[in-house]
Amino acid sequence: QLNPLLKIAFTANLFEWYEFSLTAFMALEIGRLFFPETGDKTALMLSFSVFASSYLARPLGSIFFGLFGNRHGAGTALRTSLIVMATPAWLIAFLPTYQTAGYLATGLLIGLKIIQGFAAGGETPLSGYFISLNTASKNRGLYCALVVVSGFIGMLLASAVVCALPYCATWVSQLLGKTSMGYLAESWRWPFLLCIPLSLWIYSLRSSLSLMPSDQTKVHRALHQKPIAPLLQAFVLVAFMEVFIYTVLIWLPSYLHSYIGVPSFDARLTNVMTLLIFSLSMIGAGYATRWMDASKFVLIGVGSLVLFSYP
């Protein structure tokens with residue numbers, strides 16, 4: 001039977017990155033649906049502004065769920081953050097568009113994304129914290145790497161769903177006819193509807209989460225420490241990686257298609273290849289921490305990214 005911690009690690013950030021990636025990969029369509037009629041580039045920028053608005057609430061969410069986790073346990077905090085994040089994702093599937101509700105639709109979308117951003121602020125740090133706390137030192141590097149890779153799996157899933165969406169919409173339309181589908185005839189809603197079973201499945205995996213008795217001692221001991229230097233180091237490294245990931249994996253496919261004219265399929269294909277290489281290399285690095293200090297991999301990774309990002 002698969003290790004329960006391994007299940008949690010594999011799905012830690014899957015839902016968060018799936019839903020956030022949907023908004024980015026469908027940015028052009030979201031911009032057309034929830035804003036007044038404009039050119040494609042303007043629609044793209046407006047859509048990404050909605051995407052960015054969710055990040056305004058992330059720091060607050062991280063603080064809130066961090067304190068919540070200290071008081072009630074990381075498992076409870078992870079389940080709560082998933083519920084708070086999943087509910088807006090479900091509701092987005094049923095939102096009216098600008099054509100039917102005007103700026104009310106735009107405001108509702110922005111509000112739901114901000115709520116999601118608040119909840120997402122607790123997802124990544126808490127899942128990494130929980131896995132690190134409950135994993136033996138021998139496997140800690142690998143399991144923590146899988147926490148990050150789970151986000152890339154979510155992005156791959158979102159990319160696959162968006163790529164398949166036009167073909168599925170054509171097939172369903174021919175099979176059932178748009179008139180018989182009513183509200184659900186709008187295919188842009190379908191990927192968000194997939195959030196419902198996906199979030200329920202991940203919640204079922206998290207329902208067994210609980211801190212081990214021996215780990216409670218680690219928690220209380222850590223609360224009395226003041227790791228300012230490691231905190232600042234982590235802040236800078238995470239900020240660096242977030243900028244890189246969202247520039248290369250989220251913004252670049254839309255930029256290639258809308259600004260340079262690269263076919264949408266080719267733009268997404270390069271993204272899929274990058275994600276696969278990124279995931280495999282991260283798993284390899286996590287496994288190799290059994291023999292090599294993780295800080296050395298961090299230095300090598302940061303240096304390589306800076307060097308090879310230059311055009």
All side chain to side chain contact (heavy atoms under 4.5 Å, CB included) counterparts of [X], not counting sequence neighbours:
X    : result
T11  : W201, I202, L205
L249 : F152, M155, I245, N271, T274, L275, F278
L67  : I63
I110 : V50, S53, T106, I114

- Do the side chains of L60 and L126 join up, straight or via other hydrophobic residues, at under 4.5 Å, putting them in one cluster?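 Looking at the clustering, L126 is in the same group as L60.
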- Message: Are V236 and Y55 connected into the same hydrophobic cluster when the rule is that any two of I, L, V, M, F, W, Y join if their side-chain heavy atoms are below 4.5 Å apart?
- Response: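 Result: no, two separate clusters.
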- Item | Exceeds 12 heavy-atom contacts within 6.0 angstrom, atom CD of E242 |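 More than 12 within 6.0 Å, yes.
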Donor-acceptor contacts, no H, no angles, side chain residues 252-261, under 3.5 Å, sequence neighbours left out:
{"unit_1": "H257", "atom_1": "ND1", "unit_2": "V262", "atom_2": "O", "d": "3.0"}
{"unit_1": "H257", "atom_1": "ND1", "unit_2": "S264", "atom_2": "N", "d": "3.4"}
{"unit_1": "S258", "atom_1": "OG", "unit_2": "S254", "atom_2": "O", "d": "3.4"}

- Query: Taking only residues two or more places apart in sequence, or in another chain, which ones meet R32 in a salt bridge (charged side-chain N to carboxylate O under 4.0 Å, His left out)?
  - Reply: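 So R32 forms a salt bridge (charged side-chain N to carboxylate O under 4.0 Å, His left out) with D40.
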Taking only residues two or more places apart in sequence or in another chain, which ones pass side-chain hydrogen bond (donor to acceptor under 3.5 Å, both in side chains) with [X]?
X    : answer
Y98  : none
W251 : none
S81  : E123
S137 : none

- Query: Taking the six-membered ring for Trp, are the ring centroids of F35 and Y103 within less than 6.0 Å of each other?
  - Reply: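 Judged by ring-centre distance (under 6.0 Å), F35 and Y103 do not meet the cut-off.
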- What about the rings of F94 and F192, do their centers lie closer together than 6.0 Å?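 Aromatic pair excluded; centres sit 6.0 Å or further apart.
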Compile the donor-acceptor pairs under 3.5 Å between side chains in residues 15-30 and protein atoms, sequence neighbours left out, one pair per line.
{"unit_1": "E16", "atom_1": "OE1", "unit_2": "T124", "atom_2": "OG1", "d": "3.1"}
{"unit_1": "E16", "atom_1": "OE2", "unit_2": "R58", "atom_2": "NH1", "d": "3.4"}
{"unit_1": "E16", "atom_1": "OE2", "unit_2": "R58", "atom_2": "NH2", "d": "3.0"}
{"unit_1": "Y18", "atom_1": "OH", "unit_2": "P191", "atom_2": "O", "d": "2.7"}
{"unit_1": "E19", "atom_1": "OE1", "unit_2": "K113", "atom_2": "NZ", "d": "3.0"}
{"unit_1": "E19", "atom_1": "OE1", "unit_2": "Q116", "atom_2": "NE2", "d": "3.1"}
{"unit_1": "S21", "atom_1": "OG", "unit_2": "W17", "atom_2": "O", "d": "2.5"}
{"unit_1": "T23", "atom_1": "OG1", "unit_2": "E19", "atom_2": "O", "d": "3.4"}
{"unit_1": "T23", "atom_1": "OG1", "unit_2": "K113", "atom_2": "NZ", "d": "3.0"}

- Task: Locate the shortest heavy-atom distance separating L78 from G122; write the atom from each residue and the value.
- Result: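 Scanning both residues, the minimum pair turns out to be CD2-O, 4.4 Å.
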- Of the non-hydrogen atoms in R268 and C163, which two are nearest, and what is the gap between them?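 Between these two residues, the closest heavy atoms are CD-SG, 3.4 Å.
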- Kindly compute the distance separating CZ (R140) from CG (L133), expressed to the nearest 0.5 Å.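 That separation rounds to 8.0 Å.
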Would you be so kind as to tabulate the donor-acceptor pairs closer than 3.5 Å made by side chains of residues 296-304, with sequence neighbours excluded?
{"unit_1": "S304", "atom_1": "OG", "unit_2": "I300", "atom_2": "O", "d": "2.8"}

